[in-house]
Amino acid sequence: MTLELGLDGAVVLVTGGVRGVGLGISHAFEQAGARVVTCARRTPESSPGEAFFPCDIRDPDAVDALVAEIVARFGRLDVLVNNAGGAPFADTSTASPRFHEKVLGLNLLAPLIVSRAANAVMQHQDRGGAIVNISSVSALRPSPGTASYGAAKAGLDNLTSTLAVEWAPKVRVNALDVGMVRTDDGYGDPAALGATVPLGRLAEPAEVGACAVFLASPLASYVSGARLVVHGGGERPAFLGAMEDAMEEKE
């Protein structure tokens with residue numbers, strides 16, 4: 001049996017798909033033969049894919065108009081990748097309630113808003129559709145300095161499994177729990193940070209994109225409600241460093 005991605009001509013919406021991880025995801029779907037549509041709050045100088053639409057995905061009316069425009073232009077919507085998100089570092093005790101509300105809105109409520117609009121289309125398509133939520137390893141561990149972001153991503157993971165049940169069998173819903181990725185935003189020294197990861201480096205945006213393509217493709221036709229962890233093996237436990245230091249002192 002020949003394994004094929006089966007995404008030729010599929011219409012894919014990638015939110016925040018014009019920079020960083022989102023750009024890597026958009027390029028990956030393009031390489032898989034899909035017709036890529038991107039959106040973001042601000043219009044970039046250039047964008048991948050066949051169309052870009054400015055949209056505040058926290059606004060339900062704007063999202064409904066976006067999905068209607070995609071269907072009017074392309075005739076369908078096969079895949080949604082909820083990529084847009086993020087949060088700056090902030091001390092939980094001193095950041096304002098408004099700050100936390102905005103982080104939760106962008107990283108949890110917005111994916112729900114866009115998913116509902118996409119599902120309303122996909123449920124009436126012969127082939128249904130697929131939704132891939134870009135979550136984070138912050139959903140799986142403590143997230144100091146980004147508490148509301150970690151809480152939002154944990155909620156997104158739960159939302160993924162819930163919608164996979166509610167919207168089956170027409171729509172599959174999965175998530176990627178992504179670790180550190182090398183982007184223009186950066187986390188600091190890539191080499192130093194990469195040394196904390198078992199694979200010895202940060203992920204490239206294209207590698208996240210490849211995983212999103214897999215989950216959206218017919219190759220994952222029996223995968224729904226799942227979380228694929230994309231973190232290079234995770235983080236080296238802190239106790240290992242202490243043990244190594246102690247062993248060196250004994251030598």
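Computed over heavy atoms, backbone and side chain alike; hydrogens, waters and symmetry mates excluded.
Pairs of residues two or more places apart, or lying in two chains, that qualify as salt bridge (Lys or Arg N to Asp or Glu O under 4.0 Å) and include a residue from residues 215-234 are Asp157-Arg227, Asp177-Arg227. Among pairs with a residue in residues 166-176, none fulfils salt bridge (Lys or Arg N to Asp or Glu O under 4.0 Å), at least two apart in sequence or across chains.
Residues passing the side chain to side chain contact (heavy atoms under 4.5 Å, CB included) test with Thr196 are Met180, sequence neighbours excluded. Applying the side chain to side chain contact (heavy atoms under 4.5 Å, CB included) criterion to Cys211, with sequence neighbours excluded, gives Leu176, Leu228, Val230. Shown here are the side-chain hydrogen bond (donor to acceptor under 3.5 Å, both in side chains) partners of His231, two or more places apart in sequence or in another chain: there are none. Listed by chain and number, the residues in a side-chain hydrogen bond (donor to acceptor under 3.5 Å, both in side chains) with Glu235 are Arg141 (sequence neighbours excluded). Annotation: side chain to side chain contact (heavy atoms under 4.5 Å, CB included) contacts of Ala226 (sequence neighbours excluded): Asn174, Val223. Under the side chain to side chain contact (heavy atoms under 4.5 Å, CB included) criterion, Arg42 pairs with no residue, sequence neighbours left out. For Thr146, the side-chain hydrogen bond (donor to acceptor under 3.5 Å, both in side chains) test picks out Ser143, with sequence neighbours left out.
Taking NZ of Lys102 as the reference point, atom CZ of Arg58 lies at 6.5 Å (rounded to 0.5 Å). Atoms CZ and CD, on Phe74 and Glu69 in that order, are 9.0 Å from each other to the nearest 0.5 Å. If you take CZ on Phe99 and OG1 on Thr92, they are separated by 8.5 Å, rounding to the nearest 0.5 Å. For the atom pair CG of Leu140 and OG of Ser135, the computed distance is 7.0 Å after rounding to the nearest 0.5 Å. The OG1 atom of Thr162 sits 10.5 Å away from atom CH2 of Trp167, with the distance rounded to the nearest 0.5 Å. Distance check, rounded to the nearest 0.5 Å: CE of Met122 to CZ of Arg76 gives 9.5 Å.
A continuous path of hydrophobic side-chain contacts links Ile57 to Val173 [ILVMFWY only; heavy atoms under 4.5 Å]. Cluster membership for Val208 and Val81, using ILVMFWY side-chain heavy atoms within less than 4.5 angstrom, is shared. Val213 and Ile131 fall into different hydrophobic clusters, defined by Ile, Leu, Val, Met, Phe, Trp and Tyr side-chain heavy atoms under 4.5 Å apart, directly or through other members. Residues Val171 and Leu163 are members of one and the same hydrophobic cluster, defined by side-chain heavy-atom contacts under 4.5 angstrom among Ile, Leu, Val, Met, Phe, Trp and Tyr. The hydrophobic cluster containing Leu202 does not contain Val229, counting ILVMFWY residues as joined when their side-chain heavy atoms lie under 4.5 angstrom apart, directly or transitively.
At a threshold of 4.5 Å between non-hydrogen side-chain atoms, the residues Asp78 and Gln125 count as touching. Within the 4.5 Å cutoff, the side chain of Leu66 has heavy atoms near those of the Ile70 side chain. Looking at heavy atoms from C-beta onward, Ile25 lies in side-chain contact with Ile134 at the 4.5 angstrom threshold.
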Quick one: side chains of residues 103-120, donor-acceptor pairs under 3.5 Å with protein atoms, not counting sequence neighbours, listed by atom name and distance.
unit_1: Asn107; atom_1: OD1; unit_2: Gly86; atom_2: N; d: 2.8
unit_1: Asn107; atom_1: ND2; unit_2: Gly86; atom_2: O; d: 3.0
unit_1: Asn107; atom_1: ND2; unit_2: Val103; atom_2: O; d: 2.9
unit_1: Ser115; atom_1: OG; unit_2: Asn82; atom_2: ND2; d: 2.9
unit_1: Ser115; atom_1: OG; unit_2: Pro111; atom_2: O; d: 2.7
unit_1: Asn119; atom_1: OD1; unit_2: Gln123; atom_2: NE2; d: 2.8

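Distance alone, capped at 3.5 Å, is enough to place a donor-acceptor pair between the Thr15 side chain and the Asn83 backbone. Here the side chain of Thr183 pairs no donor or acceptor atom with the backbone of Val21 at under 3.5 angstrom.
Applying the under-4.5 Å side-chain rule to Ile, Leu, Val, Met, Phe, Trp and Tyr, the cluster around Phe52 extends to Val18. Through side-chain heavy atoms spaced under 4.5 Å, either directly or across other Ile, Leu, Val, Met, Phe, Trp or Tyr residues, Leu23 is tied to no other residue.
Paired with Leu77 under the rule side-chain contact (heavy atoms from CB on, under 4.5 Å), one option of Val37, Val12, Leu13 passes, and it is Leu13.
Between Phe29 and Ala212, the shortest heavy-atom contact is CZ-O, 3.7 Å. Shown here for Cys39 and Cys55, the closest heavy-atom pair between the two residues is CB-CB, 4.3 Å. Smallest separation of non-hydrogen atoms from Ala139 and Ala154: CB-N, 3.4 Å. When all heavy atoms of Pro48 and Gly17 are compared, the closest pair comes out as CG-O, 3.4 Å. For the residue pair His27 and Glu30, the shortest heavy atom distance occurs at ND1-OE1, 3.0 Å. Annotation for Ala220 and Phe214: closest pair CB-O, 3.3 Å, computed over non-hydrogen atoms.
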